[in-house]
S.K.: 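Below: one structure in structure tokens.
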Amino acid sequence: MASRRDRALGLIERLHRVEVEARAVELGGLRERMADLERQSAETAKALARDGRITSIESAPYVGAYIRDARAQIGALDRARQELEPQAEALEEAMRESFREMKTVSTVAARARLRTARDRAAREAAETDEMVLLRWGRDG
């Protein structure tokens, strides 16, 4: 019975570990996407600072349009990144909860293994005591 329980607890522990690892991979991809959006926003802001100057009277209308478009792009990138933040937070919370459950199962499994080992040691000690008593009874 204890062996089946140990195997079941081990399986549950492995399933939780797989779940945590899958969520970690998903969260990593989401964080990577957020960092990419942040990088694109920063690059656009640098380009705007570098190229957003009027160098001649002929370029004035084009520079104005460029500045509006660059600011709109920066805003869109920042909004896209902000929209991903709740997903990332929800994934982190789910991952923490799964990890907590995995550690709980791990603790229960460790206690069950310890209890099984103690029971086996007690049975072996009782058998040894019985054999000693039988020998003592024959020799005495």
Side-chain angles (χ1 to χ4, degrees):
M1 181 69 175
S3 175
R4 289 179 59 194
R5 180 183 61 223
D6 291 344
R7 286 194 308 265
L9 287 171
L11 176 63
I12 292 170
E13 186 178 359
R14 283 191 302 278
L15 289 174
H16 279 294
R17 185 175 297 115
V18 167
E19 183 180 356
V20 167
E21 289 170 357
R23 285 191 174 149
V25 167
E26 186 178 354
L27 181 61
L30 193 58
R31 290 286 183 205
E32 186 176 315
R33 175 72 178 134
M34 290 171 67
D36 186 47
L37 290 169
E38 183 71 29
R39 183 189 49 75
Q40 288 177 10
S41 177
E43 287 175 359
T44 305
K46 280 183 185 177
L48 177 61
R50 182 186 63 235
D51 302 332
R53 294 189 199 86
I54 299 175
T55 56
S56 68
I57 194 76
E58 295 85 13
S59 68
Y62 301 110
V63 171
Y66 171 73
I67 291 171
R68 280 190 300 280
D69 289 345
R71 287 182 179 162
Q73 185 178 5
I74 290 170
L77 290 167
D78 290 344
R79 280 190 302 280
R81 186 186 52 75
Q82 288 173 351
E83 289 173 2
L84 293 177
E85 285 180 10
Q87 291 176 351
E89 290 172 5
L91 267 174
E92 284 177 354
E93 182 58 35
M95 207 168 103
R96 275 192 293 275
E97 183 62 30
S98 292
F99 187 75
R100 231 178 276 128
E101 290 173 5
M102 181 183 76
K103 291 314 261 178
T104 300
V105 170
S106 176
T107 301
V108 168
R111 286 181 183 167
R113 285 189 298 270
L114 181 62
R115 191 176 319 114
T116 301
R118 284 182 181 164
D119 290 347
R120 183 175 37 250
R123 276 194 313 275
E124 289 173 359
E127 288 173 4
T128 303
D129 289 347
E130 184 178 332
M131 292 181 73
V132 167
L133 288 174
L134 286 174
R135 256 192 221 150
W136 184 69
R138 276 189 280 161
D139 296 340

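Just so we're clear, the structure is a prediction, and the values are computed from it rather than from any experiment. Sequence positions, counted from 1, serve as the residue numbers for this chain.
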S.K.: Quick one: pull up NE2 in His16 and CD in Glu101 and give me the separation to the nearest 0.5 Å.
M.R.: 5.0 Å
S.K.: Dump the intermediate steps for salt bridge (charged side-chain N to carboxylate O under 4.0 Å, His left out) on Glu13 and Arg17, then the final yes or no.
M.R.: CA-CA 6 Å; Glu13 186 178 359; Arg17 185 175 297 115; 3.4 Å; yes
S.K.: Around atom CZ of Arg100, are there more than 12 heavy atoms of other residues, nucleotides or ligands at under 6.0 Å?
M.R.: yes
S.K.: Output the distance between atom OG1 (Thr44) and atom CG (Asp51), rounded to the nearest 0.5 Å.
M.R.: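 Thr44 OG1 to Asp51 CG: 11.0 Å, rounded to 0.5 Å.
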S.K.: Under a 4.5 Å side-chain heavy-atom rule over Ile, Leu, Val, Met, Phe, Trp and Tyr, are Leu9 and Leu15 clustered together?
M.R.: no
S.K.: When you group the ILVMFWY residues by side-chain heavy-atom contacts below 4.5 Å and let the links chain together, are Leu37 and Leu91 in the same group?
M.R.: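 Leu91 clusters together with Leu37.
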S.K.: Same cluster or not: are Leu84 and Ile74 linked, directly or through other Ile, Leu, Val, Met, Phe, Trp or Tyr residues, by side-chain heavy atoms under 4.5 angstrom apart?
M.R.: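 Each belongs to a different hydrophobic cluster.
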S.K.: Within the 3.5 Å criterion, strictly below it, is a donor on Arg23 or Ser98 matched to an acceptor on the partner's side chain?
M.R.: yes
S.K.: Atom CD of Glu85 and atom CD of Glu92: how far apart are they, to the nearest 0.5 Å?
M.R.: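 Here the interatomic distance stands at 10.0 Å.
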S.K.: Let me confirm one number: the CE-CD1 distance from Met102 to Ile12, rounded to the nearest 0.5 Å.
M.R.: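 One gets 13.5 Å once the value is rounded to the nearest 0.5 Å.
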S.K.: Can you list the steps and then say if Arg39 with Glu43 is a salt bridge (charged side-chain N to carboxylate O under 4.0 Å, His left out)?
M.R.: CA-CA 6 Å; Arg39 183 189 49 75; Glu43 287 175 359; 2.9 Å; yes
S.K.: Hey, could you give me the CD/CG distance between Gln87 and Leu27, rounded to the nearest 0.5 Å?
M.R.: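 The distance works out to 11.0 Å.
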S.K.: Can you name the closest pair of heavy atoms from Leu48 and Ala70 and give their distance?
M.R.: CD1-CB, 3.9 Å
S.K.: Taking Gly75's backbone N and O only, do any of them form a donor-acceptor pair with Arg79's side chain (distance below 3.5 Å, no angle check)?
M.R.: yes
S.K.: Between Gln82 and Asp78, do the side chains contain a donor N or O and an acceptor N or O under 3.5 Å apart?
M.R.: no
S.K.: Roughly how far, to the nearest 0.5 Å, is OG1 of Thr104 from CZ of Phe99?
M.R.: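 One gets 10.0 Å once the value is rounded to the nearest 0.5 Å.
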S.K.: Kindly indicate, with the supporting measurements, whether the criterion salt bridge (charged side-chain N to carboxylate O under 4.0 Å, His left out) is fulfilled by Arg96 and Glu93.
M.R.: CA-CA 5 Å; Arg96 275 192 293 275; Glu93 182 58 35; 3.0 Å; yes
